[in-house]
There are 2 protein chains.
Amino acid sequence: MPFTPVQKVSAYESIVLQIESAIANGDLKAGDRLPGERKLMADFSVSRATVREALRVLQATGVVESRPGDPRGPVISHYSPRLLEKSMSQLARLDSVSRVEVLQFRLLLEGSATRLAARNRSEADLDLITTRHRELEASIKADGAEFFSDHVARFHAAIRRAAGNQLIEICGNVVGGIMSELMVRRLRTDADQLAIVQRSALDGARLVEAISARDPEGAAAIQVANIYRFYADDLDPAEVDALQPFLDPPVVE
Amino acid sequence: MPFTPVQKVSAYESIVLQIESAIANGDLKAGDRLPGERKLMADFSVSRATVREALRVLQATGVVESRPGDPRGPVISHYSPRLLEKSMSQLARLDSVSRVEVLQFRLLLEGSATRLAARNRSEADLDLITTRHRELEASIKADGAEFFSDHVARFHAAIRRAAGNQLIEICGNVVGGIMSELMVRRLRTDADQLAIVQRSALDGARLVEAISARDPEGAAAIQVANIYRFYADDLDPAEVDALQPFLDPPVVE
DNA sequence: TTCCGTGTACTGGTCAGGCCAGTAAACCTC
DNA sequence: GAGGTTTACTGGCCTGACCAGTACACGGAA
């Protein structure tokens with residue numbers, strides 16, 4: 001029988017749904033203003049507390065922003081990866097998600113981003129990548145491994161940007177951020193940090209060259225190998241094995 | 001000067017933060033109970049409205065769940081990919097994200113998921129994949145293209161599950177879901193839908209074989225080519241070109 | 001005319017107190 | 001013990017209120 005389970009939707013949920021679908025079908029777009037809480041409470045004929053609960057969840061999911069005292073009312077947010085970051089790091093912190101999974105995902109994203117970057121980069125992209133790499137090298141010369149993770153993050157972000165795919169870019173940024181937490185710990189506990197950092201910068205130089213020469217496979221191989229080597233020492237054999245499909249061509253040491 | 005910008009945190013935010021960090025450092029774990037709203041309001045010495053706003057955002061971000069009438073209070077949720085799904089589809093639905101980008105991302109995820117599945121599948125995984133494929137074929141025999149997109153989605157989901165990487169799995173589910181909306185439209189407007197659907201099922205059979213035979217590269221190639229061909233007719237030359245790096249080995253027709 | 005305080009009418013943040021439908025568990029019956 | 005029934009309490013929602021803070025129009029000085 002084609003009965004469909006009843007789903008009672010509470011008042012505040014209904015408000016959330018209505019506003020979300022107004023955005024989905026274009027009645028509201030980023031930058032637009034919602035009426036103030038008192039107006040909304042009249043429009044939906046609910047109490048202000050209910051309106052506020054609805055606004056809170058819209059705010060928590062990055063749909064609107066509101067500031068006290070602003071007579072223009074809450075504003076529909078422009079997209080920000082905040083929620084994605086939050087949910088991914090929530091996921092990555094999960095006991096059931098191993099660090100291998102995160103690393104696999106990162107190699108996958110970073111590899112294709114690099115491939116695409118080498119293929120599609122504009123001159124402006126290349127300029128930015130080169131600049132970031134120079135800053136990275138300068139930072140190593142000046143402060144050693146101190147600010148390494150910040151600079152390398154910016155360097156990689158520039159590459160992802162050049163790839164021209166926002167999904168890959170943003171997801172890459174997020175997992176990159178998550179991994180860099182691990183990286184900081186890794187560097188702190190490693191006696192040989194300067195050597196690691198310098199080798200990584202050298203890889204970076206070859207990477208810039210390959211992207212400049214529009215060599216997708218070469219660039220991707222360098223990038224993947226570089227990331228892999230960074231963590232390789234910490235991995236046990238089973239983990240190393242699980243990463244093989246993402247190392248292409250295989251990294252043999 | 002090492003002054004740090006003041007950030008005023010509102011009452012409800014402070015509650016959210018406290019509860020989140022209690023979870024982060026293990027004082028609260030999934031399945032545990034929070035006190036009821038009236039107790040919380042005393043503990044934090046705020047009004048009930050404030051407690052409720054805090055609970056609403058915790059609920060919206062998948063941290064807690066509450067049910068009316070339950071004297072045991074709100075419960076700390078087990079992880080669910082709901083938030084990740086929501087944020088991914090937010091991202092993918094962005095106007096500035098073109099369908100090529102979504103398709104690139106999908107090919108990337110689906111390709112590696114298939115590769116991993118062929119490599120890591122257990123017998124139980126294979127059983128599920130086989131079952132799903134049989135259901136797909138049965139559905140085509142019985143109803144033609146009618147329920148195709150549902151069944152193919154389930155088939156692909158089983159493959160992603162077998163890959164053993166939750167990040168790839170969940171992201172794949174999301175973009176798969178988004179693409180399947182497009183697919184439904186595509187099938188409806190195509191006169192030749194039955195032929196398309198049947199070819200896709202045939203690819204599916206070869207795919208199952210390759211996964212069964214633990215042939216990662218073969219399986220991935222079939223999967224990627226299958227997905228690509230499904231959309232290829234709708235794409236203009238520039239879009240086709242942009243997809244080349246994800247078709248490996250290249251699909252020549 | 002332009003500029004710059006100043007007022008004011010609003011905003012969102014928070015509080016207190018109250019009603020209701022619904023649930024879980026203790027209670028009571030058999 | 002298995003069953004219905006009560007009861008104490010839950011979360012959902014409402015009303016009405018106060019406060020600190022903001023945007024903007026207004027009015028006076030330059």
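Order of the sequence lines sets the chain letters (A, B, ...), proteins ahead of strands, with each chain counted from 1.
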A:I168 side chain reached by A:R160 side chain, heavy atoms, under 4.5 Å
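They are not in side-chain contact.
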State, yes or no, whether a side-chain contact exists between A:E135 and A:T131 at a heavy-atom distance under 4.5 Å.
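Yes, their side chains come closer than 4.5 Å.
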Which residues share a side chain to side chain donor-acceptor pair (under 3.5 Å) with B:Q104, sequence neighbours left out
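Testing B:Q104 for side chain to side chain donor-acceptor pair (under 3.5 Å), a comparison that skips the adjacent residues, returns A:N165.
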Which residues pass the side chain to side chain donor-acceptor pair (under 3.5 Å) test with B:R161, sequence neighbours left out?
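With neighbours one apart ignored, the set is B:E169.
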In Å and rounded to the nearest 0.5 Å, what is the OG to CD distance from A:S47 to A:E37?
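A:S47 OG to A:E37 CD: 10.5 Å, rounded to 0.5 Å.
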Counting primed atoms plus P, OP1 and OP2 as sugar-phosphate and everything else as base, spell out the protein contacts along nucleotides 10-21 of chain C at 4.0 Å heavy-atom distance: B, S or - for each nucleotide, 5' to 3'.
-BBBBB--B---
What is the distance, to the nearest angstrom, from the CD atom on A:E65 to the P atom on D:dT22?
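It is 16 Å, rounded to the nearest whole Å.
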